[in-house]
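What follows is a set of notes on a single structure, which appears directly below.
All values reported here derive from a predicted model rather than from experimental measurement.
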Protein chains: 2
Amino acid sequence: MPTYACDLAAVRAAAERLKGAAHRTPVMTSATLDRLAGRRLFFKCENLQKVGAFKYRGAANAVRKLSDTDAAKGVVTHSSGNHAQALALAARERGVPAYIVMPKTAPAVKRAAVEGYGGQVTLCEPNLADRERAANELVARTGAALIPPFDHPDVIAGQGTVALELLEGVPDLDALVVCLGGGGLVSGCAIAATGVKPGTRVFGAEPLGADDAARSKAAGEWLPQTGPNTIADGLLTSTGQLTWPVIRDLVERVFTVSDDEIRAAMRLVWERMKLIVEPSGAVGAAVALSEAFKSLPGLAKVGVVFSGGNVNLDKLWW
Amino acid sequence: MPTYACDLAAVRAAAERLKGAAHRTPVMTSATLDRLAGRRLFFKCENLQKVGAFKYRGAANAVRKLSDTDAAKGVVTHSSGNHAQALALAARERGVPAYIVMPKTAPAVKRAAVEGYGGQVTLCEPNLADRERAANELVARTGAALIPPFDHPDVIAGQGTVALELLEGVPDLDALVVCLGGGGLVSGCAIAATGVKPGTRVFGAEPLGADDAARSKAAGEWLPQTGPNTIADGLLTSTGQLTWPVIRDLVERVFTVSDDEIRAAMRLVWERMKLIVEPSGAVGAAVALSEAFKSLPGLAKVGVVFSGGNVNLDKLWW
């Protein structure tokens, strides 16, 4: 068996590290969604996690694992999304600086959110080269540790605690459905779930407009995401060097859903479960409600992750 | 001590009757709202109750308490709101008919919701006289039991189970803040809370645009609500013959909040707690965040009821 970025022991260690820091989010159910899905669904509510997304787990695990000497120098990342906020908060909780590189085109509200958690924002040009230059410059100047959004062993291990808790709450799950952008969440969950309970089937959930993982699985080789176009703005990136091998080997299949399906699932969750999920956060539910997934036999109980709930409430989503 | 519509024993009996029927809704907290309120708040999430509102408790208690002979004849109510849906569902669960009288001006979506739960809708003219005529006619024709939205001992006892569960979950609460329209919820909660733990302070929360209970308390006598005007459309009615004496005696004070305060609290709950509450459901939170309430000394831990989460998602609320 090949070795991946982390193993079950690392996920369990992350769970210990996150005790008293991350919320143990509730698992919720809905008779209406069960009826529509044709099976029982158990939703792990990471939209109720700190900073409104599972990202806090990976960021906090990485920050807490640093030695005191390393931690004192701070942490760096380039992100304008939930990971940036998560890292800023995790750093503040440890009393160390967080340097966040953000494209100068990022919405002011995202910058304000990071600064609200105490993060120090550095603006860069909106391209990969300048983003990496800015981050590397910060690392060189401060000695801070670079904690990328998903392709990092401690981040993946932290995200895996989602599956650990879900299976502790509902031990007889047959499968998990986990949304997938860079793949930190799904690979951590796959390592945890198949480790804790071999035979648990793990499925990826991807927007049709950013379906690199589905295409990669079909091709049997890593393919990048180019020109993503989807409402699920947390799932735009390609999978990474550490996450792809896990997805290749431990994720049975990646299902895709259209933006209309994502929007419909999101509305259903708001309307029937009274829970705010963001578009990316509803992609797992959209897959669970899709005809392709419903036609899979042998899945009586399925865990689905609501990955986040950070939305702009000033717009109508439907 | 005067006798009210029900007592703690009746609330406890309701809790037994609702076991396995009503959801034991979670109690949620938010560091952000605690900071804004200047104390610890514990939110009882009745927006996650069946039909999306606490109303299910009172309706189901009333339906389940009927003898088999009486139940077989069905139940009647006049309501176009959450109580109508709740009664329809409770009746369907017992396998008996629910006759719902609704003004013909009620939105189609509300009629569809009641029919979705199996309720049989009778339309009437949009005035009290015709509504009562239609309901009485149904009672005369079918022998069904009239279950009004709040002014009924079994309904009040059912709603009281909200406070029972809240105090079981957080036994050291100093006070409850409960929103107030007809007063079924607040009176049931006041009976339960002061019964289980004498000394628990119970406060009402009312929209400024429908402040009959606040005015009644100030006057020391029952006053009706006329011309209500508020975004909190579940709280428009006057208190009733059974609920008013409880409010008069067991509710320490009724606080009022403006529609702007209600809207701001509602948005805060959506944004920070990722929970959908309807305007009426956010009135308790709005009071907890108001300067008047914040200035009360001696309240370290306060329970607040999110009464419901049924909103029109096709409009922006802010």
note = Tested for side-chain contact (heavy atoms from CB on, under 4.5 Å) against L316(B), the lone hit among L316(A), L313(A), D314(A) is L316(A)
ask   = Are there more than 12 heavy atoms of other residues, nucleotides or ligands under 6.0 Å from atom CZ of R272(A)?
value = no
inquiry  = Quick check on R267(B) against chain A: is it the side chain, the backbone, both or neither that has a heavy atom closer than 4.5 Å?
reply    = both
task = Sort W318(B) into side chain, backbone, both or neither according to what part of it lies under 4.5 angstrom from a heavy atom of chain A.
result = side chain
query = Side chains of I276(A) and M273(B): closer than 4.5 Å at any heavy-atom pair?
reply = no
task = Go through the atoms of K50(B) and report whether side chain, backbone, both or neither lie under 4.5 Å from a heavy atom of chain A.
result = neither
ask   = Taking all non-hydrogen atoms of both residues, which atom of P26(A) and which atom of M28(B) are closest, and how far apart?
value = CG-CE, 4.4 Å
message = As a quick check of understanding, evaluate side chain to side chain contact (heavy atoms under 4.5 Å, CB included) for N310(B) and K274(A), giving each step before the final call.
response = CA-CA 8 Å; N310(B) 293 324; K274(A) 313 298 178 192; 2.7 Å; yes
